[in-house]
Asks: 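This structure is in structure tokens; I'll ask about it shortly.
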Amino acid sequence: MQNPPLPPDAPAFPLFLTIAGRKAVVLGGGEMAAAKIRLLLRSAAAVLVIADHLGPDVAQLVRDGLVAGWQQPPASVAGLAALLTDALLVIDADDQQELTVPAQQICRDNGILFNAVDRPHHSDFTVPAIFDRGPLVVAMSTGGTAPALARTVRQRLEKAIPQGFERLAIAAAACQQQVRESFSSVQARVRVWDQVFNGPLAQRIIEQDEQQAIATLRAALHELAQQQDSAPQGSVTLVGAGPGDPGLLTLHAVRAIETADVILYDALVSPGILALARREARLIPVGKRAGQPSVSQSFTNRTLTSLAQRGQTVVRLKGGDPFIFGRGGEEAAYLRQQDIPVHVIPGISAAIGVAASLGIPLTHRGEARSLRLMTASCRSEIETLALDWSAFSDPGCTLAIYMGHRQAAIIRRGLLNGGLPADTPVALIENGTRPDMRAEFCTLTDLGRTPMATAPSGGPVLILVGRAVAHAPGYGASPLTEAAISQIAR
């Protein structure tokens, strides 16, 4: 059979190799060799070391009887071939590289896997960066081109996945047969494991010892099996998506998004956040945008109720925080009236995230002793003018105005009439925390006359008013360039 032509950039095929009791050869006796030997020993390989000199770490492994043997490099290729006979794999970790070419050829002639450390062009395989939590092992590789990047990813995983997670894997392995016997369909088993791994039960198991963890999981699975014949109990979780940057999501928010059956999302939720949903999840847009066709609140309420009553795990994904100008209180109250379980996961509100991205302190000793959040999105211009603007005109307060750029001129007039000084610093930020964020600084006198207020691009605009705004690194530059915003963010 003739093999098809190989693409020049074909990716490596990922796999996990069982090497317990199999012969593995390491060339070299230095620090790198010691690291590879320990990795092989973790998988119970029978390790043969070929080196003319052993460093202290490898020498200790030999003295402890952990390696199968140590041989001096043979004088001939035939002698090297004899030492490599029956090996499953060979790792060349010798800085001298004297055996690289002959060892590579012997391995290829005899179907032995060969790896030369940090030399992917000589290797049949690469050794990945490994994240290890007992039975849970995650391997990361860049095909040998950027091993430091793979190590960085591993370090991030170590921060995100707590110690003790291996007990969750051990308990799940011990209960696999129970799940197969108790839940007949694949869909039911998937849903059960989602409940186990992403709910409060997971945290309890992580905090227990191995035997307690298994017992706890067995009891929980038994209870879930008893409940499966009854009508499925759905729920709704109101999740704050933050101002737009996926990196500002809470861990609880990420878990809720990743395990939802259905997600109803606002227009301000970024594609990067929606990408966290699993492929099977149904995504329903229910956003409201000024001056554009919008989904009614009553439709959203009825949809949430209907889905939860059908046993679905529903996430209502809202920009910012659900309870700050997000109608989260209205939706939660409606759902509770229908006896639907409701959970709330807060998000970073736009005022917090946007101000931080520009380096604006919302409170500042001696200048801003309080923060006030308000919306200028009233039902009419008359209603906006009728607000008690003197209550919002405290010079010692930072005012964060949501959805206000269309009423910027009215806001300026109201605050000036309320007694706020004309030279009070103001910032207008559009698409805050997102890659296309732009910002303008001005004083209260000019609010409503800047390019962003007169010709917005359609993204959400937050207005910050107060003396603390002048402490932003870019204050005085209007409008801020994209490069300036990037510099401030760093």
Asks: Ignoring hydrogens and angles, tell me if any N or O in the side chain of Arg282 forms a donor-acceptor pair with the backbone of Val262 under 3.5 Å.
Replies: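 No, the answer is negative, given that no donor and acceptor are paired below the 3.5 Å cut-off.
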
Asks: Distance check, rounded to the nearest 0.5 Å: Leu274 atom CG versus Leu317 atom CG?
Replies: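 Interatomic distance, Leu274 CG to Leu317 CG, rounded to 0.5 Å: 6.5 Å.
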
Asks: I'd like to know if the side chain of Gln208 pairs up with that of Thr216 as donor and acceptor (distance under 3.5 Å, no hydrogens or angles considered).
Replies: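 A pair is found: one side chain offers a donor N or O, the other an acceptor, under 3.5 Å apart.
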
Asks: Can you give me the closest heavy-atom contact between Val269 and Gly319, atom names plus distance?
Replies: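 Heavy atoms only, the tightest pair is CG2-N, 4.1 Å.
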
Asks: Could you walk me through whether Arg119 and Gln97 pass the side-chain contact (heavy atoms from CB on, under 4.5 Å) test, one step at a time?
Replies: CA-CA 11 Å; Arg119 287 168 286 159; Gln97 303 181 20; 3.3 Å; yes

Asks: One pair to check against side-chain contact (heavy atoms from CB on, under 4.5 Å): Leu304 and Ile340. What are the steps and the verdict?
Replies: CA-CA 9 Å; Leu304 290 171; Ile340 303 296; over 6 Å; no

Asks: Kindly indicate, with the supporting measurements, whether the criterion side-chain contact (heavy atoms from CB on, under 4.5 Å) is fulfilled by Thr300 and Thr303.
Replies: CA-CA 5 Å; Thr300 299; Thr303 302; 5.8 Å; no

Asks: May I ask you to decide if Cys442's main-chain N or O and Asp446's side chain share a donor-acceptor pair within less than 3.5 Å?
Replies: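 No, Asp446 side chain to Cys442 backbone: no donor-acceptor pair under 3.5 Å.
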
Asks: Could you check if a side-chain atom of Thr237 sits within less than 4.5 angstrom of a side-chain atom of Val344, using non-hydrogen atoms only?
Replies: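 Contact flag for Thr237/Val344 side chains = no.
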
Asks: If we ignore hydrogens and angles and just use 3.5 Å, is the side chain of Asn115 paired with the main-chain N or O of Phe125 as donor and acceptor?
Replies: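 Side chain of Asn115 to backbone of Phe125: a pair is present.
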
Asks: Nearest 0.5 angstrom please: Ile214 CD1 to Ile205 CD1, how far?
Replies: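 The CD1 atom of Ile214 sits 10.0 Å away from the CD1 atom of Ile205.
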
Asks: So, Arg204 side chain and Leu217 main chain: donor-acceptor pair closer than 3.5 Å or not?
Replies: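 Such a contact is absent between Arg204 side chain and Leu217 backbone.
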
Asks: Strictly below 4.0 Å, N to O, side chains only: are Arg167 and Glu210 in salt-bridge contact?
Replies: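 Looking at Glu210 together with Arg167, the answer is no, because their closest N to O distance does not fall below 4.0 Å.
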
Asks: Spell out, as yes or no, whether a donor-acceptor pair under 3.5 Å connects the side chain of Gln226 to the backbone of Glu223.
Replies: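 No; judged by distance alone, with no hydrogens or angles, the pair does not exist.
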
Asks: Do side-chain atoms of Tyr402 reach the backbone of Ala351 as a donor and acceptor pair under 3.5 angstrom?
Replies: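 Confirmed, Tyr402 side chain pairs with Ala351 backbone.
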
Asks: How long is the span from the CD1 atom in Ile429 to the CD1 atom in Ile463, to the nearest 0.5 Å?
Replies: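 Spacing of CD1 (Ile429) from CD1 (Ile463) equals 9.0 Å.
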
Asks: Indicate yes or no: does Arg372 engage Asp394 in a salt bridge with an N to O separation below 4.0 Å.
Replies: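 Salt bridge absent between Arg372 and Asp394.
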
Asks: I need the minimum non-hydrogen distance between Ala260 and Ile263, along with the two atoms involved.
Replies: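 Of all heavy-atom pairs spanning Ala260 and Ile263, the closest is CB-CG1, 3.8 Å.
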
Asks: Do other residues, nucleotides or ligands put more than 12 heavy atoms under 6.0 Å from the NE2 atom of His252?
Replies: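 Check fails, neighbour count at 12 or below.
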
Asks: Indicate the atoms forming the closest heavy-atom contact of Pro128 with Ala139, along with that distance.
Replies: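 It is CG-CB, 3.5 Å.
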
Asks: Less than 4.5 Å apart, any side-chain heavy atom of Val236 and any of Gln312?
Replies: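 A side-chain contact is absent here, since even the closest heavy-atom pair is not under 4.5 Å.
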
Asks: Do Gln309 and Gln338 get their side chains close enough for a donor-acceptor pair, meaning under 3.5 Å?
Replies: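 On atom types as modelled, these side chains do not qualify, holding no pair under 3.5 Å.
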
Asks: Between Ser123 and Ala116 (side chain of the first, backbone of the second, donor and acceptor by atom type, cut-off under 3.5 Å), is there such a pair?
Replies: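 Indeed, once roles are kept as given, a pair shorter than 3.5 Å links the two residues.
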
Asks: Looking only at non-hydrogen atoms, find the nearest pair between Leu238 and Ala332 and report the distance.
Replies: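 Where Leu238 meets Ala332 most closely, the heavy atoms are CD1-CB, 4.0 Å.
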
Asks: Roughly how far apart are Glu207 CD and Leu168 CG, rounded to 0.5 Å?
Replies: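 Going from the CD atom of Glu207 to the CG atom of Leu168 covers 12.0 Å.
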
Asks: Indicate yes or no: at least one non-hydrogen side-chain atom of Arg434 is less than 4.5 angstrom from one of Ser270.
Replies: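 Yes, side chains in contact.
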
Asks: So, the side chain of Thr424 versus the backbone of Leu420: is there a donor-acceptor pair under 3.5 Å, distance only?
Replies: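 No.
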
Asks: Hey, could you give me the CH2/OG1 distance between Trp193 and Thr259, rounded to the nearest 0.5 Å?
Replies: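 If we round to the nearest 0.5 Å, Trp193:CH2 and Thr259:OG1 are 16.0 Å apart.
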
Asks: Using a strict cut-off of less than 4.0 Å between a Lys/Arg side-chain nitrogen and an Asp/Glu carboxylate oxygen, indicate whether Arg38 and Asp57 qualify as a salt bridge.
Replies: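 A salt bridge links Arg38 with Asp57.
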
Asks: Heavy atoms, side chains only, cut-off 4.5 Å: are Met437 and Glu430 in contact?
Replies: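 A side-chain contact under 4.5 Å is absent here.
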
Asks: Below 4.5 Å, heavy atoms only, C-beta onward: do Val426 and Phe441 meet side chain to side chain?
Replies: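 They are not in side-chain contact.
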
Asks: Could you tell me whether the side chain of Asp321 and the main chain of Gly347 form a donor-acceptor pair under 3.5 Å?
Replies: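 Checked: pair present.
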
Asks: Can we say Arg278 and Glu258 salt-bridge, meaning some charged N sits less than 4.0 Å from an Asp/Glu carboxylate O?
Replies: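 Here Arg278 does not pair with Glu258 in a salt bridge, since their nearest N and O are not under 4.0 Å apart.
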
Asks: What I'd like to find out is whether the side chain of Glu331 reaches to under 4.5 Å of the side chain of Lys318, using heavy atoms alone.
Replies: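 Counting from C-beta outward, Glu331 and Lys318 do come under 4.5 Å.
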
Asks: Can you tell me how far apart NE2 (His471) and CG (Leu358) are? Round to the nearest 0.5 Å.
Replies: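 So the NE2 of His471 and the CG of Leu358 are separated by 15.0 Å.
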
Asks: Please tell me if the side chains of Pro243 and Ser349 come closer than 4.5 Å, counting only heavy atoms from C-beta onward.
Replies: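 Pro243 does not reach Ser349 side chain to side chain.
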
Asks: Would you say Thr250's side chain and Ala253's backbone share a donor-acceptor pair under 3.5 angstrom?
Replies: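 It does hold such a pair.
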
Asks: Is there a side-chain contact (heavy atoms from CB on, under 4.5 Å) between Phe392 and Ile411? Walk through the geometry before answering.
Replies: CA-CA 10 Å; Phe392 301 114; Ile411 293 169; over 6 Å; no

Asks: Is it true that, when you exclude Glu31 itself, more than 12 heavy atoms of the residues, nucleotides or ligands shown sit nearer than 6.0 Å to its CD?
Replies: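 Counting other residues, nucleotides and ligands, CD of Glu31 stays at 12 neighbours or fewer.
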
Asks: A side-chain contact here means heavy atoms from C-beta on lying under 4.5 Å apart; do Arg467 and Pro395 qualify?
Replies: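 Yes, at least one pair of side-chain atoms sits under 4.5 Å.
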
Asks: Which heavy atom of Pro341 sits nearest to which heavy atom of Gly234, and what is that distance?
Replies: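 Looking at all heavy atoms of both residues, the closest pair is CD-O, 3.5 Å.
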
Asks: Is a donor from one side chain sitting under 3.5 angstrom from an acceptor on the other, for Arg310 and Ser306?
Replies: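 Judged by distance alone, the side chains do pair up.
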
Asks: For Ala368 and Leu362, work out which heavy atoms get closest and say how close.
Replies: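 That would be CB-O, 3.8 Å.
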
